[in-house]
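Labels below follow one simple rule: chain letters A, B, ... track the order of the sequence lines, proteins then strands, and each chain is numbered from 1.
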There are 2 protein chains.
Amino acid sequence: MSMSDFQTLSDKIYSELTTAIVRGELKPGEKLAEQALVDRYGGSRAPIREAIQKLEAKHLVVRVPHAGARVVSLSLNELKDIYEVRLELEGMACRLAAQRMTDEEIAELKNLLAEHEAQIAANQGQSYYQKAGDLDFHYRIIQGAKNARLHQMLCGELYHLVRMYRYQTSTNKQRPTHALTEHHRIVEAISQRDSELAELLMRRHIQTSITNLEKLIEPLSVGR
Amino acid sequence: MSMSDFQTLSDKIYSELTTAIVRGELKPGEKLAEQALVDRYGGSRAPIREAIQKLEAKHLVVRVPHAGARVVSLSLNELKDIYEVRLELEGMACRLAAQRMTDEEIAELKNLLAEHEAQIAANQGQSYYQKAGDLDFHYRIIQGAKNARLHQMLCGELYHLVRMYRYQTSTNKQRPTHALTEHHRIVEAISQRDSELAELLMRRHIQTSITNLEKLIEPLSVGR
DNA sequence: TGAATTCGGATTGTATACAATTCCGTCTTT
DNA sequence: AAAGACGGAATTGTATACAATCCGAATTCA
């Protein structure tokens, strides 16, 4: 019995739709017509509707009664709001991680950084792996905070949105190595159990990505 | 045309179920059988299922495939996690509110406090109104932060859970007046645009409610 | 006696059918 | 020609029917 047999059909469709949205195959503002999704993904309208509701719960689509669902389209201000919250929550996560991660977890985190270093040295310029790695890095710190609700909010409610807009804005090429040194400093602070410093460094790290994002997005939304 | 005509049936059922859960008419761990809900609230299973999914999105019920939905039952640790996050986010909200609220909004906030004062003076001991008022106070500050996502997280994801467990743990009688003085100090800091102080006072205020909650809950879960 | 099993009812997941609302093109009117 | 009313097709919301899965009590076997 394969693993996917445990999933229900609506879960599978939800999963497929999620990746489609994050990859930009379904673009922001695009309509999700139920019948069209039935034709594309199979099944009937019932599981499709459930999948759409799950997407709504994750804030990936917006549903309006009798009018249907559309892929969420964030304004610059909404994106700023998200990053403002993320700044606070990931700072908190990093502070807690410095207090609560086990020594083993910290050791694994260091290994992860070493791997990233090797990857960047190998294929410099290829930023995709770094992006995934960056998410992985942040993910582990969030886990290290050992607060289930915090984990859920960051990884469940904000994660996909961040991923979505990251995927579509190509990062510049210097950023990975720069981010890596920031990661190193953060891990060092965690390793020394200096929670205040760890929080401060993480906040700066995210603040940097915010200004980076603004540089990329601002010119795009000039015409509006 | 009345306001409720704009709602869909599943929205109405969702609304009714929400209040039932918050009031404790549906107790933590209790099963939500679809057919039973159809008999009780009318309609058919389709809108009932949608309502249940909305409850799941708000973390008020937990659904497991093929097994059904149950009212969420939080362990002490999970409740601590929630308050830990709430501490951070409401502190943030208060800081931002001190920076972003308009003078009019601050004036209204002061009026609100005056009303609460009058209410407490009138029926001292009646803590219910204070509880509602307390939520109202917090709600306005969250709105004053002018961050839609923050508002959504606090009011959409955590609010109901907090309400639910507040409703069921009867507050002690001194608390309202004590809380009110804390509220006053917070508003004063906001009024002076001292965002750091405002954040600190709000964090203390919530910290107090956490320790209060622990006193009430801890003895209940001794047996486990 | 007790633990595993099996079988039937009950419950959830999915498919289909029907009702209500919206959306869009057309027409009318000024 | 532009703005608004009208009507039908398309889409969503709801109801019902069917399939798959789970739960529990009776049963069997060690």
*So, Glu56(A) and Arg49(A), do they make that salt bridge, N to O below 4.0 Å?*
no

*Within less than 4.0 Å of OP1 or OP2 of dG13(C), is there a side-chain N or O belonging to Arg49(B)?*
yes

_Distance check needed: dT12(D) P versus Leu37(A) CG, whole Å only._
9 Å

_From CD of Glu50(B) over to P of dA15(D), roughly how many Å is that when rounded to an integer?_
11 Å

_From dC23(C), dT12(C), dT12(D), nucleotide with atom closest to Ala67(A) side chain_ = dC23(C)

*asked:* Check this for me: does any side-chain nitrogen of one of Glu105(A) and Lys110(A) sit under 4.0 Å from a carboxylate oxygen of the other?
replied: no

_Test applied, salt bridge (charged side-chain N to carboxylate O under 4.0 Å, His left out); reference residue, Glu84(A); option that passes from Arg100(B), Arg149(B), Lys146(B)_ = Arg100(B)

*d(NZ, Lys12(A); P, dT14(C)) in whole Å*: 9 Å

*For Ile13(A) and Gly42(A), work out which heavy atoms get closest and say how close.*
CD1-O, 4.2 Å

*Looking only at heavy atoms, which two atoms of Leu87(B) and Arg203(B) are closest? And how far apart?*
CD1-O, 3.1 Å

*Would you mind reading off the distance between Ile52(B) atom CD1 and dT11(C) atom P, rounded to a whole angstrom?*
13 Å

*Give the rounded distance in Å between these two atoms: CZ of Arg45(A) and P of dT14(D).*
11 Å

_Whichever of Gly68(A) and Pro47(B) has its nearest DNA chain D nucleotide further upstream toward 5'_ = Gly68(A)

*Which one, dT12(C), dA15(D), dT21(C), comes nearest to the side chain of Leu9(B)?*
dA15(D)

*Thr8(B) side chain near dT14(D) phosphate (N/O to OP1/OP2, under 4.0 Å)*: yes

*dT12(D) C1' sits how many Å from Gln7(B) CD, rounded?*
17 Å

*For Gln53(A) and dT12(D), what is the distance between atoms CD and P respectively, to the nearest whole Å?*
14 Å

*Within this structure, what is the NE2-to-P distance between His66(B) and dG9(C), rounded to whole angstrom?*
21 Å

*asked:* Starting the side chain at C-beta, find the nucleotide from dA15(C), dT11(C), dT11(D) nearest to Lys31(B).
replied: dT11(C)

